[in-house]
Amino acid sequence: MSTLAEIEIAAAGLPAAEKRSLLSWLKAELSVENQANAEGSRVSGLGKGKWQVADDFDAPLPDEFWLGRDA
């Protein structure tokens, strides 16, 4: 028997007032979970075209860079 089936059986034996209370609690839990997921969601393509890689990106760095001298 699954956990969900066990919960359904346990909830079936509750008085109506307690079922309403359980339902309210579950709705609140789901609402909090949905808000957390929505706030942390990433959207692909938002930064597309905002920056470009320089043409000399993969060019070797001058010795001055490695030696700590200003070029």
Give a yes or no on whether Leu14 and Leu26 share a hydrophobic cluster (residues Ile, Leu, Val, Met, Phe, Trp, Tyr; joining criterion: side-chain heavy atoms under 4.5 Å apart). yes
I need the Leu46 CG to Lys48 NZ distance, nearest 0.5 Å. 12.0 Å
If you round to the nearest 0.5 Å, how far is OG of Ser24 from CD of Glu29? 12.0 Å
Test item: Ser21 side-chain N/O and Ala17 main-chain N/O as donor-acceptor pair under 3.5 Å: no
